[in-house]
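Everything on this sheet refers to the single structure shown next.
By convention in this document, chain letters (A, B, ...) are assigned in the order of the sequence lines, proteins followed by strands, and residues within each chain are numbered from 1.
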Protein chains: 2
Amino acid sequence: MDITDFLSTIVPFTDDELNDIVSHFKKETVLKNQTLVRQGEICKTLYFIEKGMGRSYYLNENGKEITQWFFGVGKFMSSVDSFFQQTPSLYYLEVLEDATLYCISKEDLDQLFAKYHKMETMGRLVTTEMLTKMVNKLNAIQFQTARERYDYMLAEFPDIAYQVPLGHIASYLGMTQETLSRIRKG
Amino acid sequence: MDITDFLSTIVPFTDDELNDIVSHFKKETVLKNQTLVRQGEICKTLYFIEKGMGRSYYLNENGKEITQWFFGVGKFMSSVDSFFQQTPSLYYLEVLEDATLYCISKEDLDQLFAKYHKMETMGRLVTTEMLTKMVNKLNAIQFQTARERYDYMLAEFPDIAYQVPLGHIASYLGMTQETLSRIRKG
DNA sequence: GAATTCCTTTGACATAGGTCAAATAGTGAG
DNA sequence: CTCACTATTTGACCTATGTCAAAGGAATTC
């Protein structure tokens with residue numbers, strides 16, 4: 001998914017606007033398992049995933065990795081709170097397979113927000129979409145059985161569910177790897 | 001919390017802008033337990049809570065009310081996804097005590113977003129804040145014990161925790177009323 | 001292609017929190 | 001003040017899911 005195409009689907013930018021906006025993004029290729037942000041660092045970059053996928057996770061008190069979110073093709077990826085509030089990140093951000101990313105700094109993005117009202121609209125819409133998805137996950141986690149949560153995952157991230165290690169998905173869904181393994185069986 | 005003051009704390013509007021914006025909100029007084037939106041309806045209004053508090057909830061397959069969110073003084077309240085996407089609401093929205101609300105329709109709000117870039121910025125910031133809180137709740141729910149979740153609630157909504165029926169809070173935290181009752185004891 | 005490391009499955013057992021039912025305590029209407 | 005209704009607490013019991021440990025499988029590395 002090309003970033004220009006993506007932006008066009010959200011808000012009707014003119015070609016000139018699109019060119020200007022996209023020119024502030026820097027294309028980067030990163031390899032599988034590369035860490036983009038560490039817990040405690042301030043996340044300085046917002047990534048658009050042209051190809052590949054990523055996840056955010058944190059380490060719990062026992063040092064176990066807990067996946068917080070998956071980011072698929074054609075989505076923005078970041079340690080959201082850290083990036084927007086410029087506070088230390090609660091999460092690690094990593095790429096799960098070789099990926100092509102479009103990167104923009106907070107300063108550049110803020111300039112685009114200030115320059116183009118439409119860009120600000122896009123920011124709001126993308127955030128709203130994220131919020132809606134977060135609400136869905138919350139509902140899934142809060143009152144559903146382990147099996148139902150897995151079904152939710154299949155519906156929400158069909159492309160991701162079969163391509164990442166079991167443990168990543170289990171922790172994302174708030175269950176143990178063993179439980180998820182048993183669910184997948186029966 | 002006055003709506004004018006609230007808006008000023010988020011984005012530096014001029015007095016003229018503030019007057020224009022606030023003139024599009026309609027002040028309303030509603031009584032305790034009044035329902036503002038029903039499940040299945042399209043939520044047409046965004047509310048700012050000057051006084052009082054509210055909650056959103058849904059009915060699960062057994063017809064039990066599950067609280068989805070609490071809205072306190074000085075916050076915007078709505079069935080977020082329904083309002084912004086104009087789709088049928090998954091939630092009921094109700095007022096938990098006599099309240100004073102500032103109401104605005106989707107059309108009026110969109111006009112303000114279009115008219116004032118700063119208003120759009122405000123919309124994005126408010127949504128981002130909501131997103132951050134949602135992420136916090138998700139983390140609390142996902143991997144904490146019932147007791148820890150209650151502690152999270154006390155921290156996040158200190159004003160609300162002691163003023164609403166136990167069952168509302170229990171379902172919000174993803175546990176039964178009985179469990180919450182036992183936690184409060186010991 | 002053997003060695004090493006990581007990932008997944010399986011089994012036995014433990015437990016937090018759910019369910020159901022009943023008793024008790026609050027609250028508001030008349 | 002009393003009745004009726006609603007919210008909370010308590011107890012006995014149950015189950016989904018966690019924990020711990022070990023064995024298989026896959027996949028990278030040299």
Yes or no on ring-ring contact (aromatic ring centres under 6.0 Å, His included) for A:F70 and A:Y172, after CA distance, side-chain angles and deciding distance?
-> CA-CA 8 Å; A:F70 289 109; A:Y172 174 77; 5.1 Å; yes

Between D:dT28 (P) and A:D98 (CG): distance, integer Å | 11 Å

Nucleotide-resolved protein contact map, nucleotides 24-30 of chain C, B/S/- at heavy-atom distance under 4.0 Å | -------

Protein-nucleotide distance (A:N60, atom CG; D:dG18, atom C1'), rounded to Å | 14 Å

Have a look at A:E94 and tell me which of A:R55, A:R38, A:K32 forms a side chain to side chain donor-acceptor pair (under 3.5 Å) with it.
-> A:R55

Report yes if a side-chain nitrogen or oxygen of B:T145 is closer than 4.0 Å to either non-bridging phosphate oxygen (OP1 or OP2) of C:dA16; otherwise report no.
-> no

Nucleotide C:dT19, atom C1' - distance to CZ of A:F143 in whole Å | 14 Å

Please check if B:M53 and B:Y92 belong to a single hydrophobic cluster, counting links between Ile, Leu, Val, Met, Phe, Trp and Tyr side chain heavy atoms closer than 4.5 Å.
-> no

Do A:I42 and A:F76 sit in the same hydrophobic cluster, where Ile, Leu, Val, Met, Phe, Trp and Tyr count as joined when their side-chain heavy atoms come under 4.5 Å apart?
-> no

Side chain to side chain donor-acceptor pair (under 3.5 Å) partner of A:Y102, chosen from A:E28, A:E50, A:K26 | A:E50

Rounded distance (Å) that lies between atom C1' of D:dC5 and atom CG of B:N33 = 14 Å

Run the side-chain hydrogen bond (donor to acceptor under 3.5 Å, both in side chains) check on B:E120 and A:T121 step by step: do they pass?
-> CA-CA 6 Å; B:E120 190 85 73; A:T121 305; 2.7 Å; yes

Using a strict 4.0 Å threshold on nitrogen-to-oxygen distance, state whether A:E156 and A:K137 make a salt bridge.
-> no

Transitive ILVMFWY side-chain link B:L31 to B:F71, under 4.5 Å | no

Taken to the nearest whole Å, CE/B:M175 to P/D:dT9 is 14 Å

Nucleic acid footprint by protein, nucleotides 5-12 of chain C - heavy-atom cut-off 4.0 Å, B for base, S for sugar-phosphate alone = ---BBBBB

Atom CD of B:Q144 and atom P of D:dG18: how far apart are they, to the nearest Å?
-> 15 Å

